[in-house]
There are 2 protein chains.
Amino acid sequence: MKLVNEMEHSEIVDTIRERVIESVSQNMYLYGVSPSIGRLYGTLFFNGKPMTLDDMKEELKMSKTSMSTSVRTLMELNMVERVWRKGIRKDLYEAQGDWYQIFTDFFSNQWRKVTAMNTKAVQQSLNELTQLMRNPELSETERELIQADMDKYRYIIDYYNWLNHLFDFLESDELFQIVKKKMDQGKSEPPADLGS
Amino acid sequence: MKLVNEMEHSEIVDTIRERVIESVSQNMYLYGVSPSIGRLYGTLFFNGKPMTLDDMKEELKMSKTSMSTSVRTLMELNMVERVWRKGIRKDLYEAQGDWYQIFTDFFSNQWRKVTAMNTKAVQQSLNELTQLMRNPELSETERELIQADMDKYRYIIDYYNWLNHLFDFLESDELFQIVKKKMDQGKSEPPADLGS
DNA sequence: TCGTTTATACAGTTCAAACTGTACAAACAG
DNA sequence: CTGTTTGTACAGTTTGAACTGTATAAACGA
């Protein structure tokens with residue numbers, strides 16, 4: 001009496017799939033999203049076909065409002081796209097399946113926003129200190145104190161500048177290829193042509 | 001009557017500094033830490049000298065317990081180090097000042113943990129489906145369904161593998177140098193030797 | 001040994017994020 | 001135009017994270 005026969009095959013596949021979805025979603029907090037939103041992305045990713053808000057609500061047993069807001073969040077992160085199918089009035093959503101693209105977009109959207117804002121604030125502060133340094137009444141110890149801060153501000157600006165160039169590199173597809181090449185080099189086999 | 005004279009110079013410097021700390025801390029949520037913890041890091045970074053829990057408590061007007069737990073969080077992220085000074089009984093903490101290192105460590109610590117756990121879960125699922133595919137009773141449509149999931153699992157494993165190689169690259173210092181070089185190329189001036 | 005100082009464990013409180021149900025607005029069918 | 005369907009704004013509730021004060025453990029000095 002094999003247990004496997006007592007359960008529908010599709011049920012087994014579903015159980016396995018849910019474990020993966022859970023795993024993916026639990027760790028999607030690195031993208032700054034809640035586990036529920038992660039689970040929604042996983043569901044969309046494995047469903048293959050686009051889903052309506054009602055499909056999601058049904059699948060995850062959650063409110064339609066939650067589905068609406070969650071899917072918006074995912075769209076802002078470029079992880080989900082709205083698609084159109086003729087004859088269907090409801091909005092349809094589909095998972096963006098290219099995880100390399102998602103990774104890249106994340107840095108472009110979130111990190112660049114941060115570096116831009118911070119650079120601006122630090123640059124502003126640097127200007128103000130430069131202005132202050134023109135004051136001839138400053139004692140030598142005061143000058144040194146201000147200089148220490150200015151050095152730090154310059155360091156921060158350099159750092160954010162470096163980050164932005166890293167993101168350029170990441171987006172350029174060049175980095176993708178270099179890492180791919182390094183993966184192949186890591187293998188012990190010579191790069192024999194084994195067909196696509 | 002110049003306003004600048006009505007305020008101590010050090011006060012002005014402090015005000016400017018606080019703006020920068022606020023800016024840095026507000027955006028440190030990308031590392032998954034709360035604004036308060038970010039502010040603590042910023043305070044330590046600009047203070048230069050190591051601080052005790054009581055110093056921090058005084059500076060940020062928060063409870064000593066918060067300082068204790070926050071500083072632990074920062075240490076786990078390799079953003080703060082405990083240091084020793086002879087003659088001082090209290091624990092001293094100092095900001096890790098190398099932001100490139102912090103960036104790199106973040107991926108090593110957080111992202112690698114995630115990729116390792118997920119890869120394991122997905123590999124397990126892949127094995128189970130492989131096992132299931134041996135069942136001769138499966139219909140053709142069932143096989144196709146399972147195959148679709150298996151393809152996705154393989155894709156995920158490839159992706160995490162690629163990420164890990166990217167992190168290797170990042171840690172190797174090689175990527176750091178390449179991006180540095182690209183920054184210089186971006187400048188319009190030829191690479192004339194302008195001294196250190 | 002005892003008294004003192006410092007860091008943290010723990011329980012309680014506060015506050016913000018996540019989620020739900022309802023009520024409304026926009027789009028469409030007739 | 002009226003009735004229907006779909007998505008979202010909003011208010012209320014629940015849950016968990018952040019923070020505090022107190023109590024305790026660990027380290028040290030005498």
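Chain naming here is simple, since letters A, B, ... match the order of the sequence lines and numbering starts at 1 in each.
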For this session: Using a cut-off of strictly less than 4.0 Å between a heavy atom of the residue and any atom of DNA chain D, enumerate the qualifying residues of residues 58-72 of chain B by number.
Result: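 Of all residues in residues 58-72 of chain B, the ones placing a heavy atom under 4.0 Å from DNA chain D are B:Met62, B:Ser63, B:Thr65, B:Ser66.
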Nearest-Å distance, [atom1] ([X]) to [atom2] ([N])?
| X | N | atom1 | atom2 | value |
| --- | --- | --- | --- | --- |
| B:Leu53 | D:dT20 | CG | P | 13 Å |
| B:Arg89 | D:dC28 | CZ | P | 8 Å |
| B:Leu40 | D:dA18 | CG | P | 14 Å |
| B:Arg82 | D:dA27 | CZ | P | 12 Å |
| B:Lys57 | C:dA7 | NZ | P | 11 Å |
| A:Leu92 | D:dG7 | CG | C1' | 13 Å |
| A:Met28 | C:dA18 | CE | C1' | 16 Å |
| B:Met56 | D:dT20 | CE | C1' | 18 Å |

Under a 3.5 Å threshold, yes or no: a donor from one side chain and an acceptor from the other, between [X] and [Y]?
| X | Y | answer |
| --- | --- | --- |
| A:Thr65 | A:Ser63 | no |
| A:Asp151 | A:Gln147 | yes |
| B:Thr52 | B:Asp55 | yes |

For this session: To the nearest 0.5 Å, tell me how far B:Trp111 CH2 sits from B:Leu163 CG.
Result: 6.5 Å
Problem set entry | A:Lys90 side chain, from C-beta outward: closest of D:dA27, D:dG7, C:dT8 | D:dG7
Exercise. Which nucleotide sits closest to the side chain of B:Ser34: D:dG7, D:dC19, C:dA7?
Worked result: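 The listed nucleotide nearest to B:Ser34's side chain is D:dC19.
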For this session: Indicate the ring-plane relationship of B:Phe103 and A:Trp162, choosing parallel, tilted or perpendicular according to the 30° and 60° boundaries.
Result: perpendicular
